[in-house]
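What follows is a short report on a single structure.
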Amino acid sequence: MTPSVAKPATDERFSPSDIPVPVVVRPEDGAVDYARDLGDPGRFPFTRGVQPTMYRGRHWTMRQYAGFGTASQTNARFKLLLAAGQTGISTAFDLPTQMGIDSDSPRALGEVGRVGVAIDTVEDMHALLADLPLDRVSTSMTINATAAILLAMYVVVAEERGIPRAKLSGTVQNDVLKEYIARGTYIYPPEPSLALIAEMFRFCAEEVPQWNPISISGYHIREAGATAVQELAFTFANAMEYVRRAVAAGLPVDAFAPRLSFFFAAHNDLFEEVAKFRAARRLYARLMRERFGADDSSARLRFHTQTGGVTLQAQQPLNNVVRVTIQALSAVLGGTQSLHTNGYDEALALPTAEAATLALRTQQVVAYESGATQTVDPLAGSYYVEALTTELETRARALLEEVDAIGGAPEAIARGFFQEEIARSAYEYQLRVERGDAVVVGVNRFADGEDPPVIPAPDFSALERDQVTRLAEVRRTRDGAAVERTVAALRDAARPYADAGAARAPLGGLMEAAVRARALVGEISDALAEVWGRYRPVA
């Protein structure tokens, strides 16, 4: 019997990044030079993974994101997840903490504890971390403009519990450039913000050597509406600026770059997402070698992944379990080092304990039952995946070069280039959804007309009153003169950070002294704003 020959289709298909998807991909379409473009896992350019055995050696860190009202409530959620098998903790902070505003400020009214945990003082940090083995569990903190203050609090808590800082491991997000681009929780102008980040690179390299001083985030860029290509290009534009600033401050690239970490989104198109993660490793490795002469340990891209928040739907929310599973699988097949899986109910409210546990179980099923961890980079050699990996790398590099031509990330932000590109992509996607070209199951196809379920919300007013009461007690019992003295010393040392090229003294020890005296997040933030000013975007 003569085998049938597939006839070429006439309909055109595209990936979410507008990359043409042929009906059949042939060997020549996905051809790569193995030594140059792939290499074995653990070897430059790291396309196939950053470790020789990847998940055969150890699974990724299962790090569920949590932050609920008060520090004690969040501590209880951490303990629940750790008991369920989570292997790292990840902290969401409320909006006032992110913006450097104390919980008893009129500006914080109605926002305390709503989108994360409220942290005002070292006492709150003690409650957040109570009974957790900080020398054995790594901690991720999604904090940016106030990252230096929160890290200082973490170190002081460990010190007061007798845990050496050299044994602390974790990450502060500390990526302020993407705040100007996509998220908005900035406080200070770019120059002092970037200088402070370079200082944190130095501080962590010298004082907290197992700590990642930054998690350069494509996640929030993607959440704002970017494509996978824009996620890569804009994230690496920011990364190149951070590395350049640190090198200009006198830090050898190989002294800090091995501790740089990244944070990407995982969305629904399984193959584009897998190819994106592979392309990210290869592009980053090449950029670090080409631009900074970095050695292999500095060119190795390590990243955390979170499943896509914007992909979650309020309609038929149980469908989100399937979406999260596909996204988690893409992150694992793509070689992530750390993973958060969203709760299926997060489009409706803060995730319930049931939803958070199920999200963790999703990771565990992928890890222990799917077979995806048995061999490294199991999709390597797929004509489609290799072709898509190369196309994503090529397009992301071209877009990055556009940013370079503008003058780099800060200038592109000032001109609104990133913001306009992302807004256009978000608008075009929304049009596709409204036309039905992009199918969202349960929303624009297969809808049942039922209203989304209602999930009871916490009593945020009561949470706020409790937090303000605790804050008042700290204000009453602390040494006010010591607070004023340590904050003034920090403010004076911070002045040169506002001037490009000025000689700058280290701030890490001064920041610790202030929080050790029980200075508040808002008090320290306001002191820095006095000498640095506050950022106002250009309309």
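Note that this is a predicted model, so its numbers are computed, not measured.
- Side-chain contact of Thr146 with Gln98: a donor-acceptor pair under 3.5 Å is absent, judged by distance alone.
- Cation-pi geometry between Arg222 and Phe264 is not met at under 6.0 angstrom from the ring centre and within 45 degrees of the axis.
- Taking the six-membered ring where tryptophan is involved, the planes of Tyr219 and Phe263 are essentially parallel, since the angle between them stays under 30° and well short of 60°.
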(message) If you apply the rule side chain to side chain contact (heavy atoms under 4.5 Å, CB included), what do you find for Gln306 with Asn342, and how did you get there?
(response) CA-CA 7 Å; Gln306 181 174 338; Asn342 290 329; 3.0 Å; yes
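- Residues Asp526 and Arg534 are paired through a salt bridge, judged by an N-O separation under 4.0 Å between the basic side chain and the carboxylate.
- Within the 3.5 Å criterion, the main-chain N or O of Ile197 finds no donor-acceptor partner in the side chain of Arg202.
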(message) For Arg245 and Glu191: C-alpha separation, side-chain torsions, deciding distance, then whether side chain to side chain contact (heavy atoms under 4.5 Å, CB included) applies.
(response) CA-CA 10 Å; Arg245 291 280 180 149; Glu191 181 58 41; 2.9 Å; yes
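- Put simply, the side chain of Glu386 never gets that close to the backbone of Val32: no donor and acceptor are under 3.5 Å apart.
- Using modelled atom types, one finds no donor on one side chain facing an acceptor on the other under 3.5 Å when comparing Thr61 with Gln337.
- Electrostatic pairing of Asp404 and Arg291 counts as a salt bridge here, judged by a charged N lying under 4.0 Å from a carboxylate O.
- The pair Asp377-Arg48 counts as a salt bridge, with a side-chain nitrogen and a carboxylate oxygen less than 4.0 angstrom apart.
- For the residue pair Asp254 and Ser298, the shortest heavy atom distance occurs at OD1-OG, 2.6 Å.
- When Val172, Asn212, Ile216 are each tested for a side-chain contact (heavy atoms from CB on, under 4.5 Å) with Ser261, only one passes: Asn212.
- Salt bridge status for Glu290 with Arg397: present, with a side-chain N to carboxylate O gap under 4.0 Å.
- For Glu199 and Arg504, the salt-bridge test fails: no basic side-chain N is under 4.0 Å from an acidic carboxylate O.
- Side-chain N/O atoms of Trp60 and Gln363 include a donor and acceptor closer than 3.5 Å.
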(request) Please lay out, stage by stage, how Leu260 and Val243 fare under the test side chain to side chain contact (heavy atoms under 4.5 Å, CB included). (result) CA-CA 9 Å; Leu260 302 183; Val243 175; 3.7 Å; yes
(request) Before giving the answer on side chain to side chain contact (heavy atoms under 4.5 Å, CB included), spell out for Gln316 and Asn319 the whole-Å C-alpha distance, their side-chain angles and the decisive distance to 0.1 Å. (result) CA-CA 6 Å; Gln316 301 178 20; Asn319 295 342; 2.8 Å; yes
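- Side-chain atoms of Glu241 never come within 3.5 Å of backbone atoms of Asn238 as a donor-acceptor pair (strictly under, hydrogens ignored).
- The shortest distance between side-chain heavy atoms of Val403 and Met240 does not fall below 4.5 Å.
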(request) Take Thr139 and Tyr154 through the side-chain hydrogen bond (donor to acceptor under 3.5 Å, both in side chains) test and state the conclusion after the steps. (result) CA-CA 10 Å; Thr139 302; Tyr154 193 97; 2.7 Å; yes
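- Side-chain contact check for Ser140 and Arg63: no donor-acceptor pair (N or O, by modelled atom type) lies under 3.5 Å.
- Within a 6.0 Å sphere centred on CZ of Arg13, other residues, nucleotides and ligands contribute 12 heavy atoms or fewer.
- Remark: the backbone N or O of Ala359 is paired with a side-chain donor or acceptor of Thr341 at under 3.5 angstrom.
- In this structure, Val521 and Met153 approach most closely via the heavy-atom pair CG2-CE, 3.6 Å.
- With respect to the salt-bridge test (charged N to carboxylate O, under 4.0 angstrom), the residues Asp296 and Arg43 do not qualify.
- Within a 6.0 Å sphere centred on CZ of Arg58, heavy atoms belonging to other residues, nucleotides or ligands number 12 at most.
- For the ring pair (Phe, Tyr, Trp, His ring centres under 6.0 Å) criterion with Tyr180, the lone passing option out of Phe418, Tyr535, Phe417, Phe234 is Tyr535.
- With Tyr284 as the partner, the ring pair (Phe, Tyr, Trp, His ring centres under 6.0 Å) test is satisfied by one option alone out of Phe292, Phe44, Phe262: Phe262.
- For Tyr242 and Asp175, the side-chain atoms include at least one donor-acceptor pair closer than 3.5 Å.
- Side-chain contact of Ser17 with Glu272: a donor-acceptor pair under 3.5 Å is present, judged by distance alone.
- Side-chain contact, Arg183 with Thr185: a donor N or O sits under 3.5 Å from an acceptor N or O.
- Remark: the backbone N or O of Gly308 is paired with a side-chain donor or acceptor of Gln327 at under 3.5 angstrom.
- Between Phe277 and Phe303, the ring-plane angle classifies as parallel under the 30° and 60° cut-offs.
- Dense packing is recorded around CZ of Phe14, with more than 12 heavy atoms of other residues, nucleotides or ligands lying under 6.0 Å away.
- In this structure, a donor-acceptor pair under 3.5 Å is absent between the side chains of Tyr497 and Ser193.
- At a cut-off of 3.5 Å, with distance as the only test, no side-chain donor of His267 or Asp269 sits close to an acceptor on the other residue.
- Note on Arg286 versus Glu393: salt bridge recorded, some NZ/NE/NH1/NH2 to OD/OE distance being below 4.0 Å.
- With a 6.0 Å radius and a threshold of 12 heavy atoms from other residues, nucleotides or ligands, Tyr383 has its OH atom at or below the threshold.
- Checked by atom type, the side-chain pair Asn320/Gln313 shows no donor-acceptor distance below 3.5 Å.
- Using modelled atom types and a 3.5 Å distance limit, the side chains of Ser105 and Asp102 yield no donor-acceptor pair.
- Seen from the ring of Phe46, Arg281 does not count as a face-on cation partner, given the 6.0 Å and 45° thresholds.
- Considering all non-hydrogen atoms of both residues, Leu38 and Pro45 come closest at O-CD, 3.4 Å.
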